[in-house]
Amino acid sequence: MAGYEHRALEAKWQTYWAENQTFATPSDRTRPKYYVLDMFPYPSGVGLHVGHPKGYVATDVVARARRMLGYNVLHVMGWDSFGLPAERQAVREDISPQQVTERNIATFKRQLTMLGLSYDWSRELATSDPSYYKWTQWIFARLFERGLAFEAEVPVNWCPALGTVLANEEVKDGVYIETGDAVERRSMRQWMLKITDYAESLLATLGDVNWPEGIKKMQQDWIGRSEGATVRFQVDGSNREVEIFTTRPDTLFGCTYLVLAPEHPLVEDITAPEHLGAVNDYREQVSRRSDRERTSDAADAPKTGVFTGASAVNPINGERVPIWIADYVLASYGTGAVFACPAHDERDHAFARTFDLPIRQVVLGGEDVQKAAYTGDGPHINSGFLDGLDNAAAISAAIERLRIGERGERTITYRLRDWLFSRQRYWGEPVPVIHVNGETRLLPDSSLPVELPRLDDYRPTGDGQPPLARAEDWLHTTDPVTGEPALRETNTMPQWAGSCWYYLRFIDPHNDKAPWDPEEEKYWMPVDLYVGGAEHATLHLLYARFWHQVLHDLGYVSTREPFQRLFNQGMIHGQSYRDARGKYYYRREVEERDGAWYTLDGVPVTARREKMSKSKYNVVTPEDMCEEYGADSLRLYELFMSPLEDGGDWETSGVAGCRRFLDRVWRVATDPGKLVSEPVEAAEMERALHGAMKRVREGVESLRFNTAISDMMVFINEATKADKVPLAWFDAFVRILAPFAPHIAEELWRMLGHSTSVAHAALPEHDEAKLKLDIVTIAVQVNGKMRGSVEVPADADKSTLLAAARAEQNVARYLEGATLKREIVVPGRLVNFVVG
RNA sequence: GCCGAGGUGGUGAAAUUGGUAGACACGCCAGCUUCAGGUGCUGGUGGGGGUAACCCCGUGAAGGUUCAAGUCCUUUCCUCGGCACCA
């Protein structure tokens with residue numbers, strides 16, 4: 001009575017799909033292709049919770065629907081399996097990261113398989129597999145050859161808790177964004193990738209891709225293009241020059257001092273002896289402040305700084321201005337030096353007020369510039385040859401004058417910095433270079449992959465070398481070209497390396513001659529739909545685009561951009577319960593009474609929606625859902641609960657609701673005599689069916705599946721109520737249900753007498769004519785207020801509509817004795833009488 | 001502080017893009033079925049008033065445009081994401 005046996009049924013079809021390779025990627029090239037990709041997961045030790053599969057289910061629906069629309073679909077899954085957590089877990093459990101990773105992958109794969117996702121598992125890959133990272137190293141070699149990978153002694157983000165450096169993109173407010181561990185500045189020899197060479201290119205093609213505007217904006221802001229000028233100031237009484245960057249060269253006449261970043265290399269040279277003490281104290285004080293302190297109270301913090309005793313000559317008017325140092329000027333942006341125009345820049349203004357430096361107005365507008373900076377447009381004054389010009393004209397004129405005098409030129413600066421590409425860890429790709437007599441040499445492709453050696457201990461060495469330095473036999477090698485003794489590189493690549501190109505390897509994952517076959521690449525690229533979380537906006541997505549554009553410049557790939565369409569799925573939150581002391585409770589340990597929550601012992605707790613996490617006791621696992629309600633019900637609920645981009649709060653009762661829907665579907669199919677081969681007069685049911693068919697197709701385009709599912713529910717509600725349901729209608733229904741609930745659909749499909757998988761049946765197309773109603777209900781308003789409704793033929797003309805509307809009892813009451821001023825008729829919708 | 005997205009029943013959400021607000025589902029209520037129910041079926045369910053027909057109010061708040069506003073405009077409040085001395 002209850003419904004169908006989901007456990008046996010789902011197991012049966014999952015086995016069938018595997019045995020029959022139902023989802024093998026087609027090899028014929030006559031059909032259109034569709035490459036639909038999920039951001040592959042890092043296989044963590046804790047496994048999946050129900051928040052993870054939302055995106056996977058959505059892409060699976062798209063993949064299945066596209067197959068049914070006649071596309072060759074590439075739909076694959078793999079593992080971003082290098083990374084710090086596995087290494088730490090390995091140390092904790094005293095086993096190897098390889099073992100940890102293997103185990104975690106097995107868990108993830110089991111959980112994903114259970115959901116009935118239609119991946120071509122024969123293309124599964126893992127970034128930590130030598131047959132994969134061989135080609136990651138191969139791409140690194142190409143970057144190195146082009147001068148895009150280089151070593152440098154640079155100030156880095158060092159994270160003592162992790163024992164490694166981090167990229168700028170991984171650090172926010174002085175802490176590692178993943179773990180919240182503190183980060184400090186340090187100078188170290190590191191591998192860098194010259195992503196800044198691609199700043200312009202990465203901006204340029206952002207317009208060509210179908211991505212959420214928000215993500216594009218974030219990438220634009222991260223790259224941070226800024227147009228302005230570099231200007232060289234002669235240091236007074238010296239042949240040295242201070243080079244500054246400015247977006248406002250038009251305000252050079254308002255310059256009353258110069259500011260260098262405390263770390264600026266020129267500071268030592270120019271500081272006057274009597275100021276040396278103060279300058280050194282200040283630099284010391286600044287260097288002691290952590291990034292966290294410096295960024296957390298940025299912006300509106302009081303300005304600090306000291307005078308160097310030196311002065312510089314303003315090239316635009318020959319004026320001498322003092323040179324200060326201050327930490328509001330960043331060493332890492334522009335040239336690490338600015339000229340200050342306090343009248344027209346808020347930061348300079350605050351600094352000038354603090355140290356009583358002159359403020360000279362050069363642009364007309366605003367209030368008193370002694371009180372507040374004016375940053376708007378206006379005619380220039382006190383500016384010699386710029387007088388009278390507006391900002392834009394003055395900027396051009398100033399730059400032209402500087403250029404002629406060889407004191408400056410137009411310049412574009414980017415916020416983006418080069419990518420710090422080494423990590424002092426074990427569990428990552430070895431960098432394929434060797435060091436011979438202090439010289440770094442790229443290993444020839446023939447010696448790839450450089451495999452990770454097995455270690456007994458994965459911690460850094462006693463003298464602070466990365467863990468790989470422990471592998472003596474591995475570390476000491478010979479140059480395969482010259483035979484000279486050599487040392488291997490002990491830094492490894494960051495986790496982002498493997499994910500920068502995995503979408504390319506999926507195209508041809510078993511190729512051992514090349515990273516991919518060019519013909520295959522041409523067929524499958526670009527990725528048509530890429531689905532994942534928005535947290536990768538400036539990390540993975542920027543890095544992958546960078547590698548892809550380099551590969552494109554080298555002729556290895558055929559598209560400029562890797563991901564044609566990007567879609568961000570929202571995060572699913574779980575309900576958590578916490579008492580006043582902050583202790584969390586499981587759902588089964590609490591109960592609701594009169595709208596408030598208590599533990600079973602009566603301790604009041606607060607219920608909150610939070611990110612699912614083991615420590616918050618609010619994790620719901622896909623296993624539990626599959627066991628109790630079945631994968632099909634879980635899949636439906638993931639999509640039914642909210643639009644894909646919205647995330648939402650997990651409610652297990654909602655899964656039960658989806659299960660009830662499937663049970664009703666089952667009953668419609670199995671009620672004796674319900675399904676009939678003869679036509680049935682049931683316009684409502686037929687309309688519901690065609691509405692659902694339409695919505696399913698729209699959903700595949702818009703990735704809004706919640707309304708498609710509710711329309712399928714409407715059809716089943718109609719079918720449940722009806723005595724007879726035409727077989728042909730139900731047949732079509734099973735096919736639109738199939739992408740969402742593939743197991744039950746496959747079973748029903750066979751019950752309907754088909755002998756091949758529903759996965760390759762044709763997705764039915766709706767008939768627009770069937771959506772039209774013969775009789776429509778028209779709203780009748782008087783003065784814009786609803787006073788009744790009337791049923792009229794859909795094609796009724798205006799006068800018929802008005803007559804019917806007037807005849808409506810309640811409406812007639814309102815019209816009686818009133819003067820009719822106006823009649824509004826919207827055919828098929830409403831009639832509005834405006835009366836006086 | 002700046003930039004972006006969003007505020008609709010007890011809950012998740014719909015709303016053909018200016019035309020009957022709340023589809024569908026959860027939850028709740030009532031009835032039927034059942035030895036039993038974390039079952040199934042039927043009906044009800046935005047708030048207030050009324051025996052009823054109906055009436056009034058209602059999409060964060062306040063104004064405005066319009067015959068008509070969840071939808072358009074102005075102001076404002078709140079929530080969530082991103083950036084944060086970028087010269």
Side-chain angles (χ1 to χ4, degrees), chain A residues 1-3 172-173 212-218 220-222 224-226 228 244-248 251 259 294-301 303 326-330 332-341 345-348 350-351 413-416 534-535 537-538 568 570-571 595 628 636-637 640-643 645-658 660-661 663-664 667 691 704 706-714 717 720-721 771 777-789 809-810 813 821-835:
Chain A
M1 184 68 208
K172 194 196 158 188
D173 296 339
E213 288 305 317
I215 300 288
K216 287 194 197 181
K217 183 87 177 17
M218 280 164 68
Q220 275 165 10
D221 290 350
W222 192 265
R225 183 183 202 272
S226 177
I244 61 97
F245 173 73
T246 179
T247 56
R248 293 293 303 277
T251 62
V259 191
R294 274 185 79 167
T295 51
S296 59
D297 57 24
D300 38 38
K303 296 283 182 283
D327 71 348
Y328 82 89
V329 174
L330 308 176
S332 51
Y333 182 75
T335 59
V338 302
F339 88 80
C341 177
D345 182 281
E346 277 156 19
R347 297 152 302 184
D348 296 341
F351 190 81
T413 303
Y414 301 91
R415 194 187 96 106
L416 182 71
E535 66 273 19
T538 51
N568 296 121
M571 185 174 316
E628 189 164 1
L636 278 169
Y637 179 64
F640 180 64
M641 64 186 292
S642 61
E645 65 269 31
D646 283 354
D649 302 317
W650 188 264
E651 291 288 350
T652 296
S653 56
V655 186
C658 289
R660 280 197 275 278
F661 161 64
D663 282 336
R664 283 199 293 276
R667 276 197 301 275
R704 291 179 69 95
N706 52 335
T707 49
I709 293 168
S710 74
D711 277 4
M712 288 194 280
M713 288 172 169
V714 172
N717 289 347
T720 298
K721 271 183 258 179
L771 294 173
T777 308
I778 299 288
V780 185
Q781 300 180 333
V782 178
N783 284 345
K785 284 189 187 286
M786 268 290 291
R787 294 305 176 193
S789 59
Q809 229 181 1
N810 200 38
R813 259 179 51 211
K821 280 187 177 161
R822 212 173 146 185
E823 295 164 336
I824 315 282
V825 181
V826 183
R829 291 255 161 253
L830 63 62
V831 172
N832 187 9
F833 297 106
V834 184
V835 299

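In what follows, chains are A, B, ... by sequence order, proteins preceding strands, each numbered from 1. Both backbone and side-chain heavy atoms feed into the values below; hydrogens, waters and symmetry mates do not.
Taking atom CD on A:E535 and atom C1' on B:A5, their separation rounds to 16 Å, with Å as the unit.
At the phosphate of B:C67, neither OP1 nor OP2 sits under 4.0 Å from any side-chain N or O atom of A:K821. The phosphate of B:C55 has OP1 or OP2 within less than 4.0 Å of a side-chain N or O from A:R787. Contact annotation: A:R660 reaches the phosphate of B:G27 (side-chain N/O to OP1 or OP2, under 4.0 Å). Look at A:N810 and you'll find a side-chain N or O under 4.0 angstrom from OP1 or OP2 of B:C55. OP1 or OP2 of B:G19 has not a single side-chain nitrogen or oxygen of A:N832 nearer than 4.0 Å. Within the 4.0 Å cut-off from OP1 or OP2 of B:A14, at least one side-chain nitrogen or oxygen of A:R704 is found.
Closest to the A:F640 side chain, of the nucleotides B:A87, B:G12, B:U20, is B:G12. Side-chain proximity of A:V834 to B:A14, B:C67, B:U39: nearest is B:C67. With distances taken from any side-chain atom of A:R829 to the nucleotides B:A87, B:G19, B:C24, the minimum falls on B:G19. Taking every side-chain heavy atom of A:V826 into account, B:G19 is the closest of B:G19, B:A21, B:A87. With B:A23, B:A87, B:C54 as the candidates, the nucleotide lying closest to the side chain of A:S710 is B:A23. Among the nucleotides B:A25, B:U20, B:C26, the one closest to the side chain of A:N717 is B:A25.
A salt bridge does not link A:D663 with A:R667: every distance from a Lys NZ or Arg NE/NH1/NH2 to an Asp or Glu carboxylate oxygen is 4.0 Å or more.
Taking atom P on both nucleotides, B:U20 is separated from B:G27 by 30 Å, rounded to a whole Å. Between the C1' atoms of B:U66 and B:U71, the separation comes to 13 Å (whole Å). Between the C1' atoms of B:G60 and B:C78, the separation comes to 7 Å (whole Å).
Side-chain atoms of A:R787 and A:N810, non-hydrogen and from C-beta on, do get closer than 4.5 Å to each other. Counting heavy atoms from C-beta outward, A:M641 and A:D646 have side chains that stay 4.5 Å or more apart.
Comparing A:K721 and A:A337 along RNA chain B, the residue whose closest nucleotide (by nearest heavy atom) sits nearer the 5' end is A:K721.
Checked by atom type and distance alone, the side chain of A:D345 never pairs as donor or acceptor with a backbone atom of A:A340 at under 3.5 Å.
One finds the CZ atom of A:F640 at 7.0 Å from the CD1 atom of A:I709 (value rounded to the nearest 0.5 Å).
Nucleotide B:C32 has B:G40 as its partner under the Watson-Crick or G-U criteria, with both atom distances under 3.5 Å.
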